[in-house]
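See structure below.
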Number of protein chains: 2
Amino acid sequence: MQAFSIGELAAKSGSKVETIRYYERIGLMAEPPRTAGGHRVYGPKHNKRMRFIRRSRELGFPIEEIRALIDMEEREDGACEEVRLLALEHLGRVRSRIQDLTAMAQVLCETADHCAEGGSTRCPILDALSVES
Amino acid sequence: MQAFSIGELAAKSGSKVETIRYYERIGLMAEPPRTAGGHRVYGPKHNKRMRFIRRSRELGFPIEEIRALIDMEEREDGACEEVRLLALEHLGRVRSRIQDLTAMAQVLCETADHCAEGGSTRCPILDALSVES
DNA sequence: GCTTGAACCTGTAGTCGCTACAGGTTCCAT
DNA sequence: ATGGAACCTGTAGCGACTACAGGTTCAAGC
């Protein structure tokens with residue numbers, strides 16, 4: 001049963017020391033045992049948990065949903081459907097955000113092109129910003 | 001020269017009262033004159049400025065860049081090229097964010113599909129979350 | 001002129017997910 | 001025994017608002 005420090009856990013899990021402490025503070029990571037001097041001591045389970053959290057964050061899940069995902073995982077029973085619903089809901093939000101950003105990119109791109117054409121005396125980008133929704 | 005209250009400015013410009021006060025606090029909106037009793041009094045210029053800010057925010061520009069855009073607009077000289085550079089830089093960030101989100105959406109979509117197929121005893125989404133980067 | 005109550009005022013704290021200190025202690029290799 | 005890297009706690013800051021609390025002013029109706 002190998003044991004390691006918070007710095008090593010950070011390295012293994014691809015996160016940062018402060019982030020791990022933050023997750024502990026908000027109750028996402030369990031409080032680990034300590035050395036006599038008060039340093040945190042971690043094991044493989046903590047590493048697994050941290051990787052799970054990091055991966056979930058990479059997929060854009062907010063902390064509270066990761067908390068829920070962890071609960072579902074620990075229940076071990078058929079929470080799969082529940083997980084799927086959560087993931088699909090999240091997917092919906094991600095796609096909606098993509099749409100928003102795509103609309104932004106299009107306007108930016110179009111107005112910047114106008115700029116390049118140089119057909120106007122005034123700046124087309126500033127003009128676009130002054131116009132109705 | 002029509003004058004109006006902060007609530008009316010919020011309605012006209014499509015923003016909120018608190019947001020307008022916030023913009024004033026951080027120096028993005030000029031301090032307006034006040035009534036004897038201390039209520040803010042706005043005119044068309046404030047409305048124009050608020051619309052400019054709101055539109056810029058809709059396009060995703062951060063506050064500090066909006067501050068710069070306003071400066072450029074007020075200079076009135078040929079700041080167009082500078083504006084264009086700022087817009088293109090921002091466009092780059094937006095596109096990069098779209099890529100990130102698209103990658104997230106793809107993973108979410110694929111794993112949720114696996115789920116639907118039901119070929120695994122364990123939840124494929126939770127499995128995906130437990131896996132390396 | 002008086003009374004309501006909606007809209008306004010200031011100031012502060014909370015949101016999310018970290019990140020960055022400051023000021024101190026512990027660990028471990030030499 | 002010593003030095004310095006890594007750890008500890010606690011707090012403040014980021015961006016862009018939002019949401020109070022507790023008070024004051026305005027304007028419409030009687």
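Letters go in sequence order (proteins before strands), and every chain restarts at 1.
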Inset, instruction - May I ask you to say whether A/Glu24 pairs ionically with A/Arg21, meaning some side-chain N is under 4.0 Å from a carboxylate O? - result: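 Salt bridge absent between A/Glu24 and A/Arg21.
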Inset, instruction - Could you tell me whether B/Arg49 and B/Glu73 have a side-chain N and a carboxylate O separated by less than 4.0 Å? - result: no
Legend entry - Nearest-angstrom distance from the residue atom CE of A/Met50 to C1' of C/dG17: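 For the pair A/Met50 CE and C/dG17 C1', the rounded distance is 13 Å.
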Inset, instruction - Examine A/Ile70 and A/Ile26 and state if one hydrophobic cluster contains both, with Ile, Leu, Val, Met, Phe, Trp and Tyr joined whenever side-chain heavy atoms are less than 4.5 Å apart. - result: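 Result: yes, single cluster for both.
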Legend entry - Neighbour count >12 (heavy atoms, 6.0 Å) for atom CD, B/Gln106: no
Inset, instruction - List the protein contact pattern of nucleotides 5-26 of chain D with one symbol per nucleotide (5' to 3'): B for base contact, S for sugar-phosphate-only contact, - for none; contact means a heavy-atom distance under 4.0 Å. - result: --SSB------BBS------SS
Inset, instruction - Please answer whether the main-chain N or O of B/Glu65 pairs with a side-chain N or O of B/His90 as donor and acceptor at a distance below 3.5 Å. - result: no
